[in-house]
Amino acid sequence: MSSNSCTNSSSSSVNGFYNLLTKRLNALHQSLVLSDNFMSIQFVSEVVSSLQSFQLQLILVVQNLCLPIGGKWLDEYMDESSRLWDVCHAVKSSISGIENYSSGGSNIVASLDGFHHLNQEVSHQVLRSIYIGQREVLALEEENKSMVETRIQSLSQYINNDISLESKLTEYNGFRGVLYAMRRVSSLLLMILLNGVAYCLSSSCFDHQENEENLVFGSNFVVSMATLKQKVGKEIDKSNVKPGILLHEFQQAKVAMEEMKVGVERVVVYGEGFEIEEKVEKLKSCFGLLKSGVENLIGKVDDLFDEIVEGRKKILDMCSHK
């Protein structure tokens with residue numbers, strides 16, 4: 001390929017990557033604007049799908065650029081994909097914890113199926129199962145909290161790290177800028193995922209405002225990042241949910257289980273009658289949505305892992321002339 005055609009191909013590929021970042025970030029923002037349910041499984045799935053799409057596009061960029069075989073760009077790419085892999089493992093672990101909770105809730109629903117009223121014996125059994133499930137949630141959130149605290153700070157640093165020298169971003173035919181953009185955007189999306197499925201401490205990690213004087217090469221995506229970040233922060237403040245797992249369907253299931261617990265406790269403590277059919281149907285609906293949604297979400301994360309592995313393999317093969 002001639003040097004001129006290489007330059008044209010590089011420019012087109014790099015600009016296409018920035019355009020994809022901007023388009024996806026704007027779509028995520030719009031999804032939040034149109035949804036009544038903040039941090040729904042659907043939204044979280046869109047975040048994971050965006051990360052997968054960025055990985056795929058990044059490989060296409062590398063294949064279209066005239067990069068030297070090996071070298072520092074390869075080390076930087078490998079470091080970034082390893083970082084993404086590591087945080088995604090934490091995300092998947094958190095989602096698996098939610099899946100375990102949803103399975104426990106589904107078992108409680110199954111044990112109540114067919115009952116119209118609860119007697120003392122069944123009530124004690126159900127209450128014991130509910131208490132166990134709630135203790136498991138507390139343990140899960142406490143474990144997630146310490147994990148998130150150690151990761152949010154480093155993600156925030158990546159998000160808020162401005163590079164004002166355009167020359168740095170144009171190195172390796174623009175690949176340095178592409179990787180810089182990928183690092184910032186993926187850090188924001190990973191932070192959103194951790195807040196949604198692991199633990200949300202507060203909205204403070206979404207407070208940073210971009211310095212417009214530092215917006216440089218390919219900066220449309222930075223504006224879109226700032227808009228999405230601000231929207232997520234506002235939605236966290238509006239949600240009035242206690243610190244913990246924000247996922248909407250998870251919160252709904254917790255509320256339904258708490259309502260069931262209150263009714264069953266009345267049977268156990270006061271011997272009151274309790275018609276459970278309506279509560280059971282609500283539980284069945286909430287845990288059904290949570291279980292199927294979380295299973296789908298785990299599949300999405302596994303697809304992202306596959307994309308990371310495949311991308312690393314393609315680039316190593318390319319550098320080995322295979």
Side-chain angles (χ1 to χ4, degrees), residues 1-25 47-92 151 154-155 157-159 161-190 193 216-222 225 299-322:
M1 182 183 289
S2 71
S3 138
N4 201 35
S5 61
C6 180
T7 301
N8 291 336
S9 174
S10 299
S11 177
S12 173
S13 184
V14 168
N15 288 335
F17 186 79
Y18 289 134
N19 289 338
L20 175 67
L21 292 183
T22 304
K23 181 180 177 182
R24 281 283 190 165
L25 290 169
V47 172
V48 176
S49 293
S50 294
L51 284 168
Q52 184 182 355
S53 177
F54 297 157
Q55 283 298 301
L56 178 61
Q57 191 69 22
L58 186 62
I59 303 309
L60 295 176
V61 170
V62 173
Q63 292 172 334
N64 286 330
L65 297 182
C66 298
L67 297 174
I69 300 301
K72 192 171 182 184
W73 72 266
L74 179 60
D75 293 336
E76 291 181 10
Y77 165 77
M78 288 297 177
D79 288 345
E80 177 57 23
S81 60
S82 294
R83 186 182 73 92
L84 179 62
W85 177 278
D86 177 63
V87 182
C88 284
H89 260 294
V91 167
K92 184 176 178 181
R151 294 177 186 275
S154 63
L155 289 174
Q157 287 173 346
Y158 280 120
I159 294 168
N161 179 32
D162 291 320
I163 296 181
S164 57
L165 295 178
E166 188 168 326
S167 59
K168 290 184 179 181
L169 303 179
T170 56
E171 289 179 3
Y172 298 117
N173 293 326
F175 181 72
R176 177 66 61 75
V178 164
L179 200 61
Y180 162 72
M182 177 68 182
R183 187 178 297 122
R184 291 192 69 181
V185 172
S186 64
S187 294
L188 173 60
L189 298 191
L190 289 169
L193 288 177
V216 290
F217 188 55
S219 62
N220 283 344
F221 82 88
V222 182
M225 272 184 64
K300 293 266 189 184
V301 176
D302 285 339
D303 289 343
L304 175 56
F305 282 135
D306 290 343
E307 197 64 60
I308 295 171
V309 171
E310 185 63 24
R312 287 168 68 95
K313 183 178 182 300
K314 283 180 180 177
I315 288 182
L316 287 174
D317 286 349
M318 185 186 75
C319 290
S320 304
H321 297 286
K322 289 184 179 178

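Predicted, not measured: the structure shown is a model, and the values here were computed from it. When a residue number appears, it is its place in the shown sequence, counting from 1.
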*Asks:* Starting from the C-alpha separation in whole Å, work towards a yes-or-no answer on side chain to side chain contact (heavy atoms under 4.5 Å, CB included) for F54 and S50.
*Replies:* CA-CA 6 Å; F54 297 157; S50 294; 4.2 Å; yes
*Asks:* List the atom of C88, the atom of V301, and the distance in Å for their closest heavy-atom pair.
*Replies:*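 Minimum heavy-atom separation between C88 and V301: O-CG1, 4.3 Å.
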*Asks:* According to salt bridge (Lys or Arg N to Asp or Glu O under 4.0 Å), who are the partners of K300, at least two apart in sequence or on a separate chain?
*Replies:*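 K300: no salt bridge (Lys or Arg N to Asp or Glu O under 4.0 Å) contacts found.
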*Asks:* Nearest heavy-atom pair of M225 and L188: which atoms, and what distance?
*Replies:*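 Minimum heavy-atom separation between M225 and L188: O-CD2, 3.8 Å.
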*Asks:* Just how far is it from atom CG of L60 to atom CZ of F17, taken to the nearest 0.5 Å?
*Replies:*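 With rounding to 0.5 Å, CG (L60) is 10.0 Å from CZ (F17).
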*Asks:* How long is the straight-line distance from OH of Y77 back to CZ of R183, given to the nearest 0.5 Å?
*Replies:*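 Output value for this atom pair is 13.0 Å.
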*Asks:* Going through the checks in order, is the side chain to side chain contact (heavy atoms under 4.5 Å, CB included) test met by F175 and L74?
*Replies:* CA-CA 10 Å; F175 181 72; L74 179 60; over 6 Å; no
*Asks:* Decide yes or no on salt bridge (charged side-chain N to carboxylate O under 4.0 Å, His left out) for R176 and E76, but give the supporting numbers first.
*Replies:* CA-CA 9 Å; R176 177 66 61 75; E76 291 181 10; 2.9 Å; yes
*Asks:* Report the residues that fulfil salt bridge (Lys or Arg N to Asp or Glu O under 4.0 Å) with D79, sequence neighbours left out, ordered by chain and then residue number.
*Replies:*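 For D79, no residue satisfies salt bridge (Lys or Arg N to Asp or Glu O under 4.0 Å) once neighbours in sequence are set aside.
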*Asks:* Which atom pair, heavy atoms only, marks the closest approach of F305 to H89?
*Replies:*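 In this case the closest contact between F305 and H89 is CZ-N, 3.7 Å.
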*Asks:* What is the distance from atom CG of L21 to atom CD of Q57, rounded to the nearest 0.5 Å?
*Replies:*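 Interatomic distance, L21 CG to Q57 CD, rounded to 0.5 Å: 9.0 Å.
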*Asks:* Are the side chains of Q52 and I308 in touch, meaning some heavy atoms are under 4.5 Å apart?
*Replies:*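 The answer is no, as the side chains (C-beta and beyond) never meet within the 4.5 Å cut-off.
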*Asks:* Can you find a heavy atom in the side chain of V309 that is under 4.5 Å from one in the side chain of W85?
*Replies:*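 Yes, at least one pair of side-chain atoms sits under 4.5 Å.
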*Asks:* To the nearest 0.5 Å, what is the distance between CD on Q63 and CD1 on I315?
*Replies:*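 Going from CD on Q63 over to CD1 on I315, the span is 7.5 Å.
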*Asks:* With no hydrogens and no angle check, do the side chains of S186 and E80 hold a donor and an acceptor under 3.5 Å apart?
*Replies:*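 A pair is found: one side chain offers a donor N or O, the other an acceptor, under 3.5 Å apart.
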*Asks:* State, without any angle test, whether R312 and S82 hold a side-chain donor-acceptor pair at a distance under 3.5 Å.
*Replies:*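 Yes, a side-chain donor-acceptor pair sits under 3.5 Å.
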*Asks:* Which heavy atom in V14 sits nearest to a heavy atom in N173, and how many Å separate them?
*Replies:*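 In this case the closest contact between V14 and N173 is CG2-O, 3.7 Å.
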*Asks:* Do you know which two heavy atoms are closest between Y158 and S187, and how far apart they sit?
*Replies:*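 Minimum heavy-atom contact is CB-OG, 3.2 Å.
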*Asks:* Rounded to the nearest 0.5 Å, what's the gap from CD on E307 to CG on L58? Could you check?
*Replies:*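 These two atoms lie 10.5 Å from each other.
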*Asks:* Just wondering, do L179 and Y172 contact through their side chains at under 4.5 Å, heavy atoms?
*Replies:*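 A side-chain contact is absent here, since even the closest heavy-atom pair is not under 4.5 Å.
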*Asks:* So, taking the atom named CG in D303 and the one named CG in L51, what distance separates them when rounded to the nearest 0.5 Å?
*Replies:*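 Spacing of CG (D303) from CG (L51) equals 12.5 Å.
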*Asks:* Given side chains that start at C-beta, do those of D86 and R151 come closer than 4.5 Å, heavy atoms only?
*Replies:*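 Contact flag for D86/R151 side chains = yes.
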*Asks:* Taking all non-hydrogen atoms of both residues, which atom of L304 and which atom of Q55 are closest, and how far apart?
*Replies:*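 Smallest interatomic distance, heavy atoms only, reads CD1-CG, 4.2 Å.
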*Asks:* Anything under 30° is parallel, anything over 60° is perpendicular, the rest tilted; go ahead and classify Y18 against F221.
*Replies:*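 Rings of Y18 and F221: parallel, as their planes differ by under 30°.
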